[in-house]
Structures are given as C-alpha cells and as structure tokens.
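What follows is a set of notes on a single structure, which appears directly below.
Just so it is clear, the values below take in all heavy atoms, side chains as well, and ignore hydrogens, waters and symmetry mates. Letters go in sequence order (proteins before strands), and every chain restarts at 1.
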Amino acid sequence: MNITFFCTCLLENLFPGVAKAAVELLETFGHRVRYHAEEICCGQMAFNAGYRPEAKKLAAHLIACLADDEIIVTPSGSCAAMVRRHYADLFRGDAAMVDDAAELGKRLFELSEFLVAFGDLGKVHGDLNARVYFHQSCHLTRELGVTDQPSMLLSKLKGASLVGPERQAPCCGFGGAFSVKFPEISSVLLGDKAAEIALSGADLVAACDMGCLMHIWGGLRRRGSTVPVYHLAEILTGRGEAPSLP
Amino acid sequence: MRFTTAAFASAARKAARDPRIREVFTRAGTRLIENRDAAYAEAPGMDLARDAAREVRQKGIDDLQRWISVLEDRLTDQGAKVHHAVTARDACHIIAGILNRAGIRDVIKGKSMATEEVGLNEFLQSQGIDAVETDLGEYIVQLAGSAPSHIVGPAFHMTRADVRAIMERRLGERLSDDPEDLTRAARTVLRGKFLSAGAGITGANFIAADTGTIVLVENEGNARMTATLPRVHIVLAGIDKVIPSFSDIPTLLRVLSRSATGQGMPVYVSFVTGPGRGPLSGLPPKDLHVVLLDNGRSRILADPVFREVLLCIRCGSCLNICPVYRTIGGHAYGFAYQGPIGSVLAPLILGLESAAALPFASSLCGACREVCPVRIDLPRLLVELRSRVVEKKSKRRFDPAGAVEAGLIRAAGWLMETSSRRGRFSRLARAVSRPLVRDGRIRRLPYPLSKWTRSRDFPRPPGRTFSAWWEKRDRHA
Amino acid sequence: MPERLDSMLASWERAGGRGIATPVDGLGPILTTLAGEAPGQTVALGESTLLRRSGIEDLLAGRGMRVLPPFRPIAAGGPAARGADAAHSEWKAYVETLAGAGIGITEALYGIAETGTVVLFDRLGLGDPVSLLPPVHVALLQVDRIVDRFEDLAPVLGSEKHVTLSPGNSMVLVTGPSRTADIEQVLVLGVHGPRVAHLVIVT
C-alpha cells in the first residue's frame, strides 16, 4: 500500500532511529512509504499544557498537510489519540475544522493498529527468544482502544513470551509536562513501574509510545537496570538490532 | 477560607515524598476498586446501567431550574421550609439562623460534603453551637481536629493506633486499638448525642423533585438517626443533587454503592418525604428545612464544557483509581473534595486563582473516566481548566514563570515549522550537551530540566533529525 | 416463587444478615428463640399484622420477657389525647426505653431479592426506630411481597399514595446490619444501627 508516515515531533528530534525502524518495517512488509517533512507535530504537548491557540495552529497545519494522503501511519499511540479523540474538542465551535479533523482521523492509524488491521500480522517473522514486558500506554489502550494488537504482533516472533500483569497496569507517570511539573509524583509512579518490570523477570521492555519509553528507560537506568527498552517497531523487524535508547 | 488549595503544589510534593501516605491510600484505593470491579462483574448489564445513570443525571441538569422550582413547590406543600443559599456564607447564616431561632445549641450531623464545602462546623462553633459529626470516620476526624481525606472514608489517613490515641485523649477512657473496640466506644458516646440533640443536619444524596423526597444513602445508621430523632431536621444540598423524579432513584442506586464500595445496595437508604411525625403519630410535625446551595453551581451549569461535572454522584471511584491521589492522599488537595473530581471542582468553586495548580497534577491517564458511573470525561475537564488557567495568566502583566513557559511553547512551535530549523537545533543540542554525557546518557541537566534528571536519565540528543535521514535517503534513491 | 425466596435469603446473607424461612405457625417459636438470645433484655415490637397473628406479645410475656409495644399515641387514652407536651414526653420516654432494648422486631412492606433488601415503612412517620436502635433487628417479610429488583418497586413506592402515607424519614431500604470500614478498612458491624440483622420470611 501507499502509506504516508507521520513521524511525530518527539521521534523527529530525539528518536530518529525509531522512526527509521518504523519506516523500514513498513517497507519490509511491502508498503511504499511517503513522508512530508513539514508535518510533524499534532499539537498534543501544547494542548495538554493549556495552550489552545498554539495547539490549534499546529493541528490545523497537520490537517492541511495530510489532506491528500489516503493512509497515514504513526508510531505513537498518544499522537494518534490526539488526532482521533481530541481534535474535535480542540476545534469545537468551528464545524468545518471539526469535520476536517474527523475526516483525518478516519485515515490515521497507530502503527500496531495498522499492521493488524491491514493484514501484515502474517508477515511478522523472526526470532526474539525473550520475555517481553509490553507497557500498555494509557492513551493507546484507553483512548484508541488498541489493547491486543501489540501482543498479537509480538507473539509472531519465535520465542517471544509476554510477561507482566494481565490487567491494565497503572500509569507509568510520564503524562508529558506532568513529568516535570510534578516530578515527585511522576517518579513515584515510575518507581512502581520499574519494580513491576523487575518483578516480571522481563528480558526487555517494549511499547508503542516513546514518551512513556523514554521515561521508563530513564528510570530503569537511574536504578542501575540494564534491561533493554525498545519501541515495538524496533523489534518487529526480527533482526535483533540494538534499540535507540542505550 | 480554611481551604489550602493555593498551597497544593508544595503540599503535593511533600506528600509524594512520604511513603506512608502512599501506602495507606494505595491500599485503600486498590481495595475499593477491587470491590467495585467485583460488584460490576457480578451484576448484569452494568454498562447500560452507567449509560442510564448518566442519562438521568443529564436530564436533571439540563432543566435544573425547572426541577428546583417543582421541588420547592412540593416541599412547601408538605410543610417543609425551603431556603436558597447563594454563597457558602449564606448557607452558614441560614442554618445558624434556624438553630438560633429555635434556641438549639446542640446539633448532630450526618455525613455531608456540602457542609464541609461551606465550613459549617467552624461557623456554628463560632456561634456557640456544638455540631457533632456522627459518621464514624467524620467523628474521628473531628476529634482529631483535622480534615477528611477521602469522600467515602474520611479517616483513611489514620492508623488504628492514631484513632486510639485521639479517642483516648478526647474521651478520657482507656481503649485498645482494635477497630471493634474503638467503634463501640464511639457508638456509646454518639448514642447519647443522638438521643439528646435538638437538631440533626444531613446532606442529601439526591432530592426527587416530583415527590419532594430526600434520599440519604449510608451504611452506619447515623444518617437515619440524625434525620429521625431530633425534632428539627436540616438538609444542606447542592442544587445539583436535585433529580426530576422518584422513578430516577433506582437507576442511580444501581450504580452508586457498587461504584463506591462494591455493595449491591447501601445498608440504609432513607426516603425523607416531608416533615416526619405529624397527625398519625400524635406528635407535632418535625421542622424540616431544606437549604439548597448554589456556591458557584449555577455558573458551572452555564458553562457548556464544565456543566458535565455536575453529573457527579459522589461515589469516590475516581479517587480510588487515581495514581496521583493514591500517591499524595487526600489532604494535599486542601479542599472538601479530593482526587480528580476535587481537581475540577476546586478551581470552579473557589476560583482559578486559588486552585490553579490542581488541574495540572494529572498524567491524564484516563483511569478516572473509565470508572466513573456517570461517565464524566474528567481528563477533558482538567485540560480545559488548564487552558483557562493559561488564558488567565496571559492577561496578567507580571508573571515571569508564565511568560517563560509560554515563550518555550511558542519557540518549540516555531522550531517545528521547518526541517532545516529542526536540523540546526538538533546539531546544536548535540554539541551543547556533549559535556553532560556519560555512557551515552545524560545524568544531570540544568534547571528547569533538572526536574527530569532528578529521578531519571535523559537520552543523548541524536544530533540528526529523522527528516535529515529521510532527505538523504530520498536523494540517493 | 421459591427462587425469589432463595435469592432473597442468599442476598441478605451476603450482606451480612442472617435469614430463615418459616410458615406462619412457626413464627412465634422462632421469634421467641431469637428474643431469648438477648436474655433479660426488652423486646421492642413494631406495628405488624404478622406479629399480632403470631401472638408474640403473650408468648414473650409468658416467658417473663419484657415487651415494649409499638408507640401508639393516638390510641384511646394514649398520650396524644392528653396534649402535645404529654405526647412529646411519652415519645422521649419511649425512645429511651427503646434505646435500651435488646432486640427490635418489625415487619417489612416488601423485599428485593436481587440485593437482599427489605423495605420498611413507618406509617407514623417516626423513621422506624424499632429497626434501628436496638443491637439486634428482626425483619419479618411475607414471601409474596418479594420482588426481583428495586426498579420493580419504585413506581409503587413513588406513587402518590405511598409517598403521602410515609411522611418524614419513614420509608427505608435496609440491607443487612449496620457496618463501617472507616478504621483501616476493617469491617465492623453495628456502628450505630443493629449489629445483627435477622430476616424471617413467612411462607
């Protein structure tokens, strides 16, 4: 398929390796990937910080840039959720923009969601031979409803087993600006998450959101844990490459 | 007032560093949510039940003034007196006035968040009127001279040893720290108050407009006694407690206790319709006073976004599941209502200026929205409050911190606009951060980014953007 | 319906109450036994056709137990006939005695099987203190007055007739004994209301 890749501002600036892995993954599965360098921010950070006008500007720009793209895929659950769940609120009172935003939402997918929905599940192959703690990000599960797809994809890798709590675990404590506005609370929740990961006996940690991952990684390393932390895209190529986060 | 919401940020920080607080509230919250989940799993059709509960509450607030008017007529016909309190102060004056006119100096109270909200006990005290809390948790907290820390369990923050110490000191008798023993001691003391008090003050869980029925939900029996035994019964209720019809009550009861404690039904549900006693009893009818409290609710109702918060039925589920509440406990919020619902109500009732920090103390995880029996979109309300705070700050002339933050957000937006800007910034960040890097990671960043590195490592800036990689690849393709 | 009876008892017990079913002629003996569990204590009775039929007042008196009959102020020669002040002090005396009683027996108007809930209805508008003040409460319930869910009952209870007949705090739903978990979340029964709640379903 022809896919447009929406890389997100976090991956563009801090984790280009993850974006690269996602693109290569999509190409491995036979898709033709396009990318517009002008559209990289969904406005989530500004919106959640209370800066509606700034968020609107970024969001309007994104909607315009992606107007002609049929399928858009992004390796970020929270960014996909911003577009699909919050743009209507952001543009409330402006019926035309609300419509455009809804229309974009219909064409925009989070990566794992896309792979399963569009039949790439069967194409996942390779070895993993590891116990994986998959971190279920709050926005990915609660706002997008993407609960099973990542584990379905991981299970296709030989030797992959999922460890950790069966039910939705509490928030890791990232929450964007919350992590620096209330760092004491954020780090308590991070400590709980790190303890959970240690308890699970996981060989590696994976997720579909780099925000959560960089926070979890930062906490693990500070506590002396060397458990590798991967974005899902970095694992699914099955090539066993090192993750972006060292 | 005596609320400390303005000091929330430092109170929260302090509480987050206290592992005992986290232990207590995590244990309480986890247990209550487990009970809630079990009750929801056991009863059929709970998803539909929540939809129905929301619908009933929505019907109420959509036409609230009308229902209040119907209620007032009905109550007046029944011989009850209706009072309207616009502000918290009004409520205090009205209630003190009722008691003073009746010459009543000793009052018992059923659990009522509304009376906490208006500071009734302190006001009555200043008037020489002794108001004794009768809900066990509220009674203990009153003896301790502190504030409730949870909507449903006011004394959750206290250990049994704490409770024993307070009760021994205030009651002057030796007690063990067995909860049975402590409860028995309270029962004995309060029994005496129930039998002698001149007036009973309760809140209301709901008030049905068509029949004028005040619904009191509880597990202990103290609300029944407070409403029944004294000759005078005063009800203080927010106007958002008014529901259109008696027939709406089952819909709300179906979700209330299951959400709050995991019970299918509360132990006692009282339906107070009109003043008690009267002709058949051979006793003069009771004095029933219903004080309807506004305290900002009309203003909230008029706001198309915030009016949703008036659907709340005060079950406490959002507190129980909230990772932030579980970490910092109830006192840090410094208000009558805590947790996610408190973080929305505080700025709306007390004003944005007094409670500006509360809406930001959330990771927006959405767990509260998931458990709310009437499906209030609390995260949405929190983000909306954030934008109102930012908007208000922007109008202030002198606000350096706010100006810096706004500047950063706008600078980030500007940087994002072109890939060349991002590329240049990326190289700059890599260069500037070089001295801070050890083993490929950054352990310490300067203020304010030190707020991150205090507890986490930060990744090394890659020095090159994804767009740059893409462009190079494209050129070579 | 037998399923409703079983369901009612099961739900009541889940809420911490104790339940039993009996044909009407077993009622007297059962109540006498329950009253005997609080020896030397007064047995308070509410207004109830079942109680009258069971002849419990005589049965208990026969065993030397003290009985506090229902508050009947407007009966001939009752306190109300002697004026408001007399009525009031009779009421105060009644409540004091009731507070010292060992057991209170009342008849419920309805039962709700789903949750094990009984509906108490105090025609005198006194809030049914017999079911509340003593440490043991016995609720009597006729089996044909059990419904499945509160939704089935609300139209009746909210009807003009019931609402006007139940002034004040006089309609109460009761589900098991009084309880709290306010101290360290430890469950304690009998905080202010009864510690033991019996349900006797009369078939």
Comparing A/Arg223, A/Glu38, A/Met214 against chain B, the one with the most heavy-atom pairs below 4.5 Å turns out to be A/Met214
For chain B, which candidate among A/Lys20, A/Arg52, A/Lys181, A/Glu54 shows the most heavy-atom pairs at distances under 4.5 Å? A/Lys20
Turns out that what part of B/Glu471 lies under 4.5 Å from chain A's heavy atoms comes down to neither
Side chain / backbone / both / neither for B/Thr453 at chain A, heavy atoms under 4.5 Å: both
Give the member of A/Leu245, A/Asp89, A/Val23 that has the highest number of heavy-atom pairs under 4.5 Å with chain B. A/Asp89
Ring pair (Phe, Tyr, Trp, His ring centres under 6.0 Å) between B/Tyr333 and B/Phe8: does it pass, once the steps are laid out? CA-CA 6 Å; B/Tyr333 293 82; B/Phe8 172 76; 5.4 Å; yes
Of the listed B/Phe360, B/Phe466, B/Phe458, the one with the largest count of heavy-atom pairs under 4.5 Å with chain A is B/Phe466
Pairs of heavy atoms under 4.5 Å with chain B: top-ranked of A/Gly218, A/Ala46, A/Cys138: A/Gly218
For B/Arg388, is there an ion pair with B/Glu384 - N to carboxylate O distance below 4.0 angstrom? yes
Region of A/Leu220 in contact with chain B, defined by heavy-atom distances below 4.5 Å: neither
Hey, which of B/Ser419, B/Pro19, B/Pro323 has the most heavy atom pairs under 4.5 Å with chain A? B/Pro323
Centroid separation A/Phe114 to A/His31 less than 6.0 Å: yes
What orientation do A/Phe5 and A/Tyr35 show, parallel under 30°, tilted 30 to 60°, or perpendicular over 60°? tilted
Should we say atom CZ of A/Arg92 is surrounded by more than 12 heavy atoms from elsewhere, each under 6.0 Å from it? yes
Which region of A/Leu189, side chain (C-beta onward) or backbone (N, CA, C, O), has a non-hydrogen atom less than 4.5 Å from a non-hydrogen atom of chain B, or is it both or neither? side chain
Is it the case that more than 12 heavy atoms not belonging to B/Arg421 sit under 6.0 Å from its CZ atom? yes
In terms of heavy-atom proximity below 4.5 Å to chain A, should B/Trp452 be classed as side chain, backbone, both, or neither? both
More than 12 non-hydrogen atoms from neighbouring residues, nucleotides or ligands closer than 6.0 Å to CZ on B/Arg396, yes or no? yes
So for B/Val324, is it side chain, backbone, both, or neither that comes closer than 4.5 Å to the heavy atoms of chain A? both
Mind checking whether A/Asp69 and A/Leu104 have side chains closer than 4.5 Å, heavy atoms only? no
Is the NZ or CZ atom of B/Arg36 both under 6.0 Å from the centre of the six-membered ring of B/Tyr40 and within 45° of that ring's axis? yes
So, the part of A/Phe47 with a heavy atom under 4.5 Å from chain B: the answer is both
Side chains of B/Arg456 and A/Ser186: is there a donor and an acceptor less than 3.5 Å apart? yes
Taking every non-hydrogen pair under 4.5 Å, which of B/Cys365, B/Ala16, B/Ala12, B/Gly366 racks up the most with chain A? B/Cys365
Counting heavy-atom pairs under 4.5 angstrom with chain B, the leader among A/Lys57, A/Glu143, A/Arg221 is A/Arg221
Answer yes or no: is there an ion pair linking B/Asp474 with A/Arg34, defined by an N-O contact shorter than 4.0 Å? no
Between B/Cys318 and B/Leu378, is any pair of side-chain heavy atoms under 4.5 Å apart? yes
Would you mind checking if A/Arg85 and B/Asp377 are paired as a salt bridge, meaning a charged N to carboxylate O distance below 4.0 Å? no
Using non-hydrogen atoms only, which part of B/Ala468 is less than 4.5 Å away from chain A: side chain, backbone, both, or neither? neither
Could you tell me which portion of A/Glu12 (side chain, backbone, both or neither) has an atom closer than 4.5 angstrom to a non-hydrogen atom of chain B? both
When heavy-atom pairs shorter than 4.5 Å are enumerated against chain A, which of B/Arg17, B/Arg410, B/Arg460 gives the highest number? B/Arg410
Under a 4.5 Å heavy-atom cut-off, does chain A meet the side chain of B/Arg464, its backbone, both or neither? backbone
Go through B/Ala361, B/Ala357, B/Ala9 and name the one with the most non-hydrogen pairs under 4.5 angstrom from chain A. B/Ala361
Go through A/Thr141 and A/Gln168 one step at a time and tell me if the side chain to side chain donor-acceptor pair (under 3.5 Å) criterion holds. CA-CA 9 Å; A/Thr141 49; A/Gln168 173 98 22; 3.1 Å; yes
For A/Phe182, is it the side chain, the backbone, both, or neither that has a heavy atom closer than 4.5 Å to a heavy atom of chain B? side chain
Under the side-chain contact (heavy atoms from CB on, under 4.5 Å) criterion, do A/His86 and A/Asn48 qualify, and how do the steps go? CA-CA 10 Å; A/His86 300 290; A/Asn48 285 346; over 6 Å; no
Which region of A/His215, side chain (C-beta onward) or backbone (N, CA, C, O), has a non-hydrogen atom less than 4.5 Å from a non-hydrogen atom of chain B, or is it both or neither? both
Max heavy-atom pair count under 4.5 Å with chain A, selected residue of B/Ala367, B/Pro461, B/Ser450, B/Gly463: B/Ala367
Under 4.5 Å from any heavy atom of chain A, what part of B/Thr327 do you find: side chain, backbone, both or neither? side chain
So, taking the atom named CD in A/Gln136 and the one named CG in A/Asp209, what distance separates them when rounded to the nearest 0.5 Å? 11.5 Å
Please classify the contact between B/Arg454 and chain A as side chain, backbone, both or neither, with a heavy-atom cut-off of under 4.5 Å. both
Would you mind checking which part of B/Leu364 comes under 4.5 Å of any heavy atom in chain A, side chain (CB onward), backbone (N, CA, C, O), both or neither? both
Interface residue of largest heavy-atom contact number with chain B, from A/Cys9, A/Gly175, A/Pro16, under 4.5 Å: A/Pro16
